[in-house]
Amino acid sequence: MKKTALANLDAFNKETFRQDLIGWFEQEQRTLPWRQDQDPYKVWVSEIMLQQTRVDTVIPYFNRFIEQFPTIEALAEAEEDKVLKAWEGLGYYSRARNLQAAVREVHEHYGGRVPDNPKEISSLKGVGPYTAGAILSIAYGIPEPAVDGNVMRVLSRILSIWEDIAKPATRKIFEEAVRELISHENPSFFNQALMELGALICTPTSPSCLLCPVREHCHAFYEGKQSELPIKTKNKKQKDVQIAAVVLRDREGRYLIRKRPEKGLLANLWEFPNTEISLAFLHEKDQLAELIKEQYGAIIETAEMTGQIDHVFTHLTWHIHVYKGTLLSLEEERSDLKLVTEEELKEFAFPVSHQKMLKHVQEHK
DNA sequence: CATACGTGGCC
DNA sequence: TGGCCAAGTAT
């Protein structure tokens, strides 16, 4: 433990802090679908969905997911395409594939029981230090830290920790702080309360300190510096990528779609034929038809440009130049290519960018 | 350690 | 509007 960062713990009344924090949580916690019981599987699913994702966004996905895959066994035995379809629109799709891979591991090698110790649970795909601690504490009542962005923000203020929370190494400082502070009587509520406080009171901008149940324990509030914490360095600017994409239909009106590679961006999702292209060639229709032929073996009729869609990811922006065209023929049978009707299209998981593209072309007429 | 990895909401 | 944010993990 860094002594300088946690020096304030010495003069800190841990027991009243725990009582004030947990007491507030018992009164004020939101009713959420994953708080109905402590089923380790449901806690697990909720924690994966909540990674980098807002509670309001997750709620409907969680309800549908649990309805469709109610148990470890149900998810283990599902087709991956069904799981991705259930995740469609939620983002960070490797979470879904890692979750299913890990659930299959639990099904096959742990008798369907989610591990209850740090070593085994941390070995599961997609389960990092935060998620391991969250499941162990919430589902099993084990006093392990669950340090997420909320916890770092809340504790940086309470304990006056001025380390950069954007740096990976900083998380360890907060884990040590939680190990010192955590209630062994109720580690589940302690961890959840810290996060709930961050979500409802100790917010990133303009925290509601006058409503805060632990403001008397808060070093930043005492010094009036709550708006200066936490320290978080800025991200770099993202890249721009030009894409030419074409919504192709054959003479029977079926759409040509392709499954993306199993690694990388939007892995294993479906999409419309597209190619990265330099700005200089954007309006060369023959060039686009040639590239589509090379990459898809698809012979197409001169495509018509229908507009542009910009789609922002965390680390890059796609500028999608959208065309529509007719598929004349396919050179070979390929397992990553399918011709599907408009009705069948609904069964495949598409990234939001390609959903926008389809809508755009259908409204173009 | 830095970067890849989604999306929607907010100001 | 563009940047920032939201219950992180893998490499």
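Since we're looking at a predicted model, the values are computed, not measured.
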Exercise for review: With DNA chain C as reference, determine whether A/Val55 or A/Val127 sits nearer its 5' end, using the nearest nucleotide of each.
Suggested key: A/Val55
Review point. Salt bridge between A/Glu15 and A/Arg18, side-chain N to carboxylate O under 4.0 Å?
Key: yes
Review point. Should A/Glu120 and A/Arg113 count as an ion pair when the cut-off is N to O under 4.0 Å?
Key: no
Exercise for review: Give a yes or no on whether a salt bridge exists between A/Glu180 and A/Lys14, defined as a side-chain N under 4.0 angstrom from a carboxylate O.
Suggested key: yes
Exercise for review: Remember a base hit wins even if backbone is also touched, and classify A/Val312 as base, sugar-phosphate or nothing at under 4.0 Å, heavy atoms.
Suggested key: base
Point to revise | Donor/acceptor link under 3.5 angstrom from A/Thr53 side chain onto base of B/dG6 | key: yes
Study note, to complete from the structure: Heavy-atom nearest nucleotide on DNA chain B taken for A/Ala166 and for A/Phe313; more 5' hit belongs to A/Ala166
Exercise for review: Hey, which sits more toward the 5' end of DNA chain B by its nearest nucleotide, A/Ala169 or A/Ser94?
Suggested key: A/Ala169
Revision key, fill the gap. Considering only heavy side-chain atoms of A/Pro168, the closest of B/dT7, B/dC1, C/dG8 is B/dC1
Review point. Base, sugar-phosphate, or nothing: which does A/Ile48 touch, judged by heavy atoms less than 4.0 Å apart?
Key: nothing
Revision key, fill the gap. Side-chain contact check for A/Thr314: nearest option of B/dA4, B/dG6, C/dT9 is B/dG6
Revision key, fill the gap. With the side chain defined as heavy atoms from C-beta on, A/Arg54 is closest, among C/dC5, B/dA2, B/dT7, to C/dC5
Study note, to complete from the structure: Per atom distances to the A/Asn98 side chain, the nearest of C/dA10, C/dC5, B/dG6 is C/dA10
Review point. Which nucleotide in the set C/dT9, B/dG8, B/dC5 lies at the smallest distance from any side-chain heavy atom of A/Val352?
Key: B/dG8
Point to revise | Position toward the 5' end of DNA chain C (nearest nucleotide), A/Thr205 or A/Arg171 | key: A/Thr205
Review point. Of the candidate nucleotides C/dT9, C/dG8, B/dC5, which contains the atom at the shortest distance from the side chain of A/Leu265?
Key: B/dC5
**Study point:** Rounded distance in Å - OH (A/Tyr130) to P (C/dA10)
**Key:** 14 Å
Check your understanding: Taking NZ, NE, NH1 and NH2 as the nitrogens, is one of them in A/Asp37 or A/Lys42 under 4.0 Å from a carboxylate oxygen of the other?
Key -> yes
Check your understanding: Taking atom P in both C/dT11 and B/dG6, what distance in whole Å separates the two?
Key -> 14 Å
